[in-house]
Colleague: 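Input: one structure, supplied below.
As the structure is a computational prediction, the values presented were derived from the model and not from experiment. Residue numbers begin at 1 in each chain, while the letters A, B, ... track the order of the sequences.
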Number of protein chains: 2
Amino acid sequence: MSTLYGAVKHHVLSVIEDKSYGAGDKLPSESALVKKLGVSRMTVNRALRELTKEGHIIRRAGMGSFVASRRMRGSAADIISIRAELASRSEIWSASVLLREEVVPPVAVHEAFGSPSTATAFHVMILHEGNGLPIELEDRWVSTLIAPGMLAQDYSVLTTTEYLLAVAPLLRAEHVVRAVVPSEEQAALLNISPVTPCLEISRTTWTGDKVASFARLLYPGDRYELTAKFSNVGANARAE
Amino acid sequence: MSTLYGAVKHHVLSVIEDKSYGAGDKLPSESALVKKLGVSRMTVNRALRELTKEGHIIRRAGMGSFVASRRMRGSAADIISIRAELASRSEIWSASVLLREEVVPPVAVHEAFGSPSTATAFHVMILHEGNGLPIELEDRWVSTLIAPGMLAQDYSVLTTTEYLLAVAPLLRAEHVVRAVVPSEEQAALLNISPVTPCLEISRTTWTGDKVASFARLLYPGDRYELTAKFSNVGANARAE
DNA sequence: TGTTCAAACCTGTATATACAAGTTGAGGTA
DNA sequence: TACCTCAACTTGTATATACAGGTTTGAACA
């Protein structure tokens, strides 16, 4: 990172990973980092403050800074791509395309699309990783009418959500969230034990009155959680 | 707001709303705010930096600060009680109160409340049933300041959410959704097998700046799913 | 006229200093 | 022993100061 506080953030993150600080362990204090790294306390303070907001550490006045339990947080109130979510936590996104095809979809899917039963649809399966750790298994069907160029994209560079937002206005979305047990193949792909519960988000998006895309997103329950913030309408939006 | 930078954030937000700065309009510069509000530039800088991260404004070195295009506010989201949810599915609600006490809460809870570590809080555990089948295990902590009459209610007649809504305006709520495995006791109470994954919703509600209630709601994964509908998705992607 | 360059803004970062407030533990007192 | 107080630590906030770098504007110059 080009900034000093960025370097401090990176240092703390790598210390957490390399020296295997576990969740809840106490981290060096600000003044200790000042001495060790030779920067001012304000710089250390900003680095740790941002790490707190990103969910990596927990700080308590008088007690110290501690490693937070490692778990991703997604927001239900925003359709953002997994890449943006990872970026907000200073994690590096990578993805591998497991499947990319144009086939006749199962009944449930082509019914949702409202297309004739002989029509084909695009089908992709993509494994998303944050800092190399599997975090999302994406199984997506896309209408050929809405996004004809779908299969021409390289989804290890651009996420499907980013592409779809670019080619079509997504006017409406519906999420269904479930807790499920993964299949053996899914568990293997996500690199988790088959008894680890997973969050499954079924997301349907519309452009106009047509279904554009139907996705099933699977997240390891011990690495991902979903947040939603609501404020009452009418009242002034309170800061923070 | 108790902090100065928080007051600056609030001021900028209210200026955006009241004086109807439109998206893209140029906001007063840092030095202008310094003069107007009588605080240091570092304080203004921190306020504007946080507003940038929260997506309210966009800043460019050399040019200035600008109002960002509005992002989605939780529109179709309501704080709904389990009874209303079941009623909408024509199911009959019943509940049994498992625990009702006033004690010093564990660290994680009083941390959420932000109260001194010696203060007590109300604690209730309630099992909700739909058509006689366990559907929600509610483990709730409530601030004694917000709802002093909490323990006097009969929660097999009225839900906690209904009571809290009656005595205090719940201005803000945050939900964290996880997929978890239940403990043996939880599984027994919910009448499910211990390997059945559950949806766990941690709900924190605020009245004003104070946390009013902190609840952990556990749902059997095979009997409950969460839905959320959004419209006007991605009307404005956050640029760059 | 057209180009260049410097001044005057803007945000972004880094530092030293200061005080407030939460927590812990040592040591003294009743 | 039981309790209290204080010192020493922690994080959180606020300030003044400084410099780096982007952007715009306008004046001086060829």
Colleague: Under a 3.5 Å distance rule, please check whether B/T52 uses its side chain to pair with a backbone N or O of B/L48 as donor and acceptor.
Modeller: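 Here the side-chain-to-backbone pair exists.
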Colleague: Is the distance from OP1 or OP2 of C/dG12 to the nearest side-chain N or O of B/R59 less than 4.0 Å?
Modeller: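 True: B/R59 side-chain N/O within range (under 4.0 Å) of C/dG12 OP1/OP2.
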Colleague: If you count every heavy atom of other residues, nucleotides or ligands that lies below 6.0 Å from B/R216 atom CZ, does the total exceed 12?
Modeller: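 Not buried by this count: 12 neighbours or fewer within 6.0 Å.
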Colleague: With Watson-Crick and G-U wobble geometry limited to distances under 3.5 Å, how should the secondary structure of DNA chain D be encoded in dot-bracket form, using | for bases paired to another strand and [ ] for crossing pairs?
Modeller: ||||||||||||||||||||||||||||||
Colleague: Is the backbone N or O of A/G22 less than 3.5 Å from a side-chain atom of A/D25, with the two atoms forming a donor-acceptor pair by type?
Modeller: yes
Colleague: Quick one: is B/Y5 getting a side-chain N or O under 4.0 Å of the D/dT13 phosphate, OP1 or OP2?
Modeller: yes
Colleague: Pairing donors with acceptors under 3.5 angstrom, does anything connect the side chains of A/S29 and A/S31?
Modeller: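 A/S31 and A/S29 do have a side-chain donor-acceptor pair below 3.5 Å.
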Colleague: For the residue pair A/Y163 and A/Y155, categorise the inter-ring angle as parallel (less than 30°), tilted (30 to 60°) or perpendicular (more than 60°).
Modeller: perpendicular
Colleague: For DNA chain C, whose closest nucleotide is more 5', that of A/G62 or that of B/R49?
Modeller: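 Its nucleotide being nearer the 5' end, the pick is B/R49.
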Colleague: Of the candidate nucleotides C/dT13, C/dT23, D/dG12, which contains the atom at the shortest distance from the side chain of A/R41?
Modeller: D/dG12
Colleague: Closest approach to the side chain of A/L4, judged atom by atom: which nucleotide of C/dT23, C/dA14, C/dG12 is it?
Modeller: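 Of C/dT23, C/dA14, C/dG12, C/dA14 is nearest to the side chain of A/L4.
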Colleague: How close do B/R100 and B/A152 get, heavy atom to heavy atom, and via which atoms?
Modeller: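 Taking B/R100 first and B/A152 second, the nearest heavy atoms are NH1-C, 4.5 Å.
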Colleague: Given D/dT10, D/dT24, D/dA14, which nucleotide is nearest the side-chain atoms of A/S31?
Modeller: D/dT10
Colleague: Whole Å only: how far is the CG atom of A/N45 from the C1' atom of C/dT17?
Modeller: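 Going from A/N45 (CG) to C/dT17 (C1'), I get 14 Å.
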Colleague: Would you say A/R60 places a side-chain N or O within less than 4.0 Å of OP1 or OP2 belonging to C/dG22?
Modeller: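 Answer no for this pair, as no side-chain N or O of A/R60 is under 4.0 Å from OP1 or OP2.
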Colleague: Quick one: is C/dC10 close enough that its OP1 or OP2 comes under 4.0 Å of any side-chain N or O from B/S29?
Modeller: yes
Colleague: In whole angstrom, give the distance that lies between atom NZ of B/K35 and atom C1' of D/dA16.
Modeller: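 Result: 17 Å.
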Colleague: Report the C-alpha distance between B/T159 and B/E162 in whole Å, list the side-chain angles of each, state the deciding distance to 0.1 Å, and finish with yes or no for side-chain hydrogen bond (donor to acceptor under 3.5 Å, both in side chains).
Modeller: CA-CA 5 Å; B/T159 68; B/E162 288 166 345; 3.3 Å; yes
Colleague: Can you name the closest pair of heavy atoms from A/T196 and A/P182 and give their distance?
Modeller: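 Nearest pair, atom of A/T196 first, then A/P182: O-CD, 3.1 Å.
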Colleague: Want to settle it: does B/G64 or A/R46 sit nearer the 5' end of DNA chain C, counting the closest nucleotide to each?
Modeller: B/G64
Colleague: Choose from C/dT17, D/dG12, C/dA14 the nucleotide whose nearest atom is closest to any side-chain atom of A/T43.
Modeller: C/dA14
Colleague: Judged by each residue's nearest nucleotide on DNA chain D, which is more toward the 5′ side, B/V39 or A/M63?
Modeller: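 Residue closer to the 5' terminus by nearest nucleotide: A/M63.
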Colleague: Identify which nucleotide among D/dT11, C/dT13, D/dA14 has an atom closest to any side-chain atom of A/E30, counting heavy atoms from C-beta outward.
Modeller: D/dT11
Colleague: Could you tell me the separation between the CG atom of B/L48 and the C1' atom of C/dT13, rounded to a whole number of Å?
Modeller: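 My rounded result for the distance is 15 Å.
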Colleague: What's the closest nucleotide to the B/A61 side chain, out of C/dT15, D/dA14, D/dG21?
Modeller: D/dG21
Colleague: Find the distance B/E50:CD to D/dA14:C1' and express it as a whole number of Å.
Modeller: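 Computing the B/E50:CD to D/dA14:C1' distance gives 14 Å.
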Colleague: When all nucleic acid strands are considered with a 4.0 Å heavy-atom cut-off, which category describes B/M42: base, sugar-phosphate, or nothing?
Modeller: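 Answer is base: heavy atoms of B/M42 come under 4.0 Å of a base.
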